[in-house]
Protein chains: 2
Amino acid sequence: MGKQRYTYDYPHPAVTTDCVVFGFDGHEMKILLVERGIEPYKGMWALPGGFIRMDETAEQCAQRELQEETGLNLSLLKQFMTFSEVNRDPRERVISIAFYALARKSDVKGGDDAAQARWFALNEAPRLAFDHDYILRKAMEKLREDIHFEPIGFDLLDSEFTMSELQRLYEAILGIQFDRRNFHKKMLQTGIIEEADDDETVFFGKNREMRSMSIDALFGDKAEEMPRPCPTSPNSNSRTTRRWGTKFRFNKRRYDKFKEDNNFRLEF
Amino acid sequence: MGKQRYTYDYPHPAVTTDCVVFGFDGHEMKILLVERGIEPYKGMWALPGGFIRMDETAEQCAQRELQEETGLNLSLLKQFMTFSEVNRDPRERVISIAFYALARKSDVKGGDDAAQARWFALNEAPRLAFDHDYILRKAMEKLREDIHFEPIGFDLLDSEFTMSELQRLYEAILGIQFDRRNFHKKMLQTGIIEEADDDETVFFGKNREMRSMSIDALFGDKAEEMPRPCPTSPNSNSRTTRRWGTKFRFNKRRYDKFKEDNNFRLEF
DNA sequence: GCAAAAGTGTTCTTCGTACACCCATGA
DNA sequence: TCATGGGTGTACGAAGAACACTTTTGC
């Protein structure tokens with residue numbers, strides 16, 4: 001059959017989505033790139049993405065393209081900016097709606113169904129096709145902003161994680177160093193993470209009187225009567241007194257309540 | 001000459017920009033709407049905006065359309081979200097890149113070059129065409145977020161303003177009430193506004209030691225040796241001892257420095 | 001003259017931040 | 001055994017938040 005063509009009274013730009021997928025391997029931030037198989041920029045690395053279809057939203061398009069090109073199926077894609085420079089694509093006028101997404105550690109390690117997709121450490125990424133370097137930088141800026149208000153860090157870790165992993169993650173995203181003790185206290189104090197040791201919910205930290213925490217800084221304050229594992233009493237079920245490598249998990253329920261209490265504003 | 005038409009191998013959506021223009025009359029938030037002169041939604045109110053041209057960016061398009069439809073020429077348009085629902089326009093597939101902008105009090109009062117443009121109080125706005133009610137709500141959410149980090153409030157006031165005006169503005173945007181004294185102190189303490197009384201720059205507040213201010217709250221703290229107009233000494237040039245209606249102005253230079261000192265993160 | 005808005009300081013509480021030592025693990 | 005990383009608490013200073021009375025202006 002003959003090639004179908006589409007005609008309009010006025011010129012229309014093409015519209016694509018591009019997706020910046022962040023990952024964290026426990027030590028540094030990674031991004032997922034695909035190698036372009038066709039011109040333009042054939043052979044260069046680029047953000048996964050592609051042209052929007054007429055029957056899908058930008059969100060659906062980004063998710064589909066990500067799945068097709070990298071094998072990753074991430075449901076939480078966050079739109080952060082639309083790029084509309086006139087000559088950003090040599091073929092024709094292309095406007096790109098950009099998203100970022102967060103992949104779990106397991107995705108980063110296992111990953112790469114698609115042969116042409118690869119994880120790169122942020123500072124080892126090659127130059128990208130089109131204006132994707134710029135898009136990437138904007139995504140990183142947005143991620144830094146968002147982490148002040150959303151507990152996005154947890155989407156980058158496995159469901160159970162150590163406090164040090166969490167701290168390294170925040171340090172990697174924000175590019176600053178935290179005091180270990182202050183970070184630990186601050187995180188517990190919010191009440192949105194809990195010890196994952198036993199199955200029963202141990203109530204750590206105080207939950208009341210929580211206003212706003214300046215993020216800059218995720219550090220402690222005065223420890224206030226928090227129940228702690230007493231090392232003297234022999235813990236029955238775990239024979240080896242495991243005091244190291246304590247695992248924590250994110251408590252979504254408590255986070256939602258916390259946000260509600262604080263007028264939906266949460267600042268780490 | 002015959003009607004020119006534009007043809008593509010693959011279907012292309014139409015792309016528009018829409019612009020949410022906020023204003024503040026000293027007491028409540030306003031938005032600028034235009035009445036639609038053509039179908040669809042003829043006669044309804046809508047956000048100013050229109051189709052993008054092939055030789056302009058989305059930002060340029062938004063600025064141009066705003067000028068054409070309302071007579072306002074605002075240079076600071078902030079892109080906040082792109083709307084891509086499949087059926088948001090009955091004519092064809094239309095993707096809209098949305099911006100918000102801030103107009104000064106004088107623009108709100110004088111305004112309306114265009115016959116079909118009008119300012120509405122936020123809570124008195126009619127139902128809007130297309131999905132513009134939704135876009136408006138998203139713009140308001142974004143404005144609330146942004147005010148934590150940017151001194152956008154000042155773009156809504158004239159260059160000189162009273163502390164009460166500023167407070168009413170913040171209260172209108174954030175939907176909360178502040179303690180007058182705490183607000184006053186907090187604002188001066190940041191050092192980014194100064195008294196506009198004399199021409200000479202009076203150094204108000206302290207500029208050092210400024211980390212992060214939780215916004216929720218723009219209130220005071222301990223007053224710290226700030227030079228204040230002494231009411232006993234007769235002020236020479238103004239015969240009437242004017243203690244009320246003190247005007248302030250925004251100090252951009254000091255704001256930039258402040259931001260730099262704080263790693264480009266500013267939280268009110 | 002009365003009501004409504006603007007101007008101004010102090011105190012207490014909470015939070016941020018700096019800081020040091022011990023224990024476990026693995027090379 | 002030595003180096004590295006994890007685990008834990010306290011004390012001080014800054015910032016947040018609550019609070020009342022007086023002066024002016026406009027009706």
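To find a chain, count down the sequence lines: A is the first, B the second, and so on, and within it residues start at 1.
- A side-chain donor-acceptor contact under 3.5 Å links B:Asp133 to the backbone of B:Leu128.
- Rounded to a whole Å, the CZ atom of B:Arg168 is 9 Å from the C1' atom of C:dA5.
- Applying the 4.0 Å criterion to OP1 and OP2 of D:dT8, one finds that A:His184 has a side-chain N or O inside that range.
- Atom-to-atom, CE of A:Met163 to P of D:dG6 comes out at 12 Å; the value is rounded to the nearest Å.
- OP1 and OP2 of C:dA5 both lie 4.0 Å or more from every side-chain N or O belonging to B:Ser164.
- Across D:dA18, D:dT8, C:dG7, the shortest atom-to-atom separation from the side chain of A:Arg180 is found for D:dT8.
- The pair A:Glu194-A:Arg249 meets the salt-bridge criterion, with a side-chain N (NZ, NE, NH1 or NH2) lying under 4.0 Å from an Asp/Glu carboxylate O.
- Partners of A:Phe161 under the ring pair (Phe, Tyr, Trp, His ring centres under 6.0 Å) rule, at least two apart in sequence or in another chain, are A:Phe154.
- Residue side chain A:Arg181 reaches the base of C:dA20 through a donor-acceptor N/O pair under 3.5 Å, judged by distance alone.
- The distance between atom CD of B:Gln167 and atom C1' of C:dG7, rounded to the nearest whole Å, is 12 Å.
- Here the nucleotide nearest the side chain of B:Lys185, chosen from D:dA15, C:dA18, C:dG9, is C:dG9.
- Rounded to a whole Å, the CG atom of A:Leu188 is 12 Å from the C1' atom of D:dT8.
- Going from atom NZ of A:Lys186 over to atom P of C:dA18 covers 14 Å, rounded to whole Å.
- B:Lys78 meets the salt bridge (Lys or Arg N to Asp or Glu O under 4.0 Å) test with no other residue; sequence neighbours excluded.
- Phosphate proximity of D:dG6 to A:Thr246: absent, as no side-chain N or O sits under 4.0 Å from OP1 or OP2.
- The one candidate from B:Arg254, B:Arg253, B:Lys252 that meets the side chain to side chain donor-acceptor pair (under 3.5 Å) condition with B:Asp256 is B:Lys252.
- In this structure, the CG atom of B:Asp179 is 10 Å from the P atom of D:dA20, given to the nearest Å.
- Remark: P of C:dA4 and NE2 of B:His27 are 15 Å apart, rounded to the nearest angstrom.
- Note: CG (B:Asn182) to P (D:dC19) measures 11 Å, nearest angstrom.
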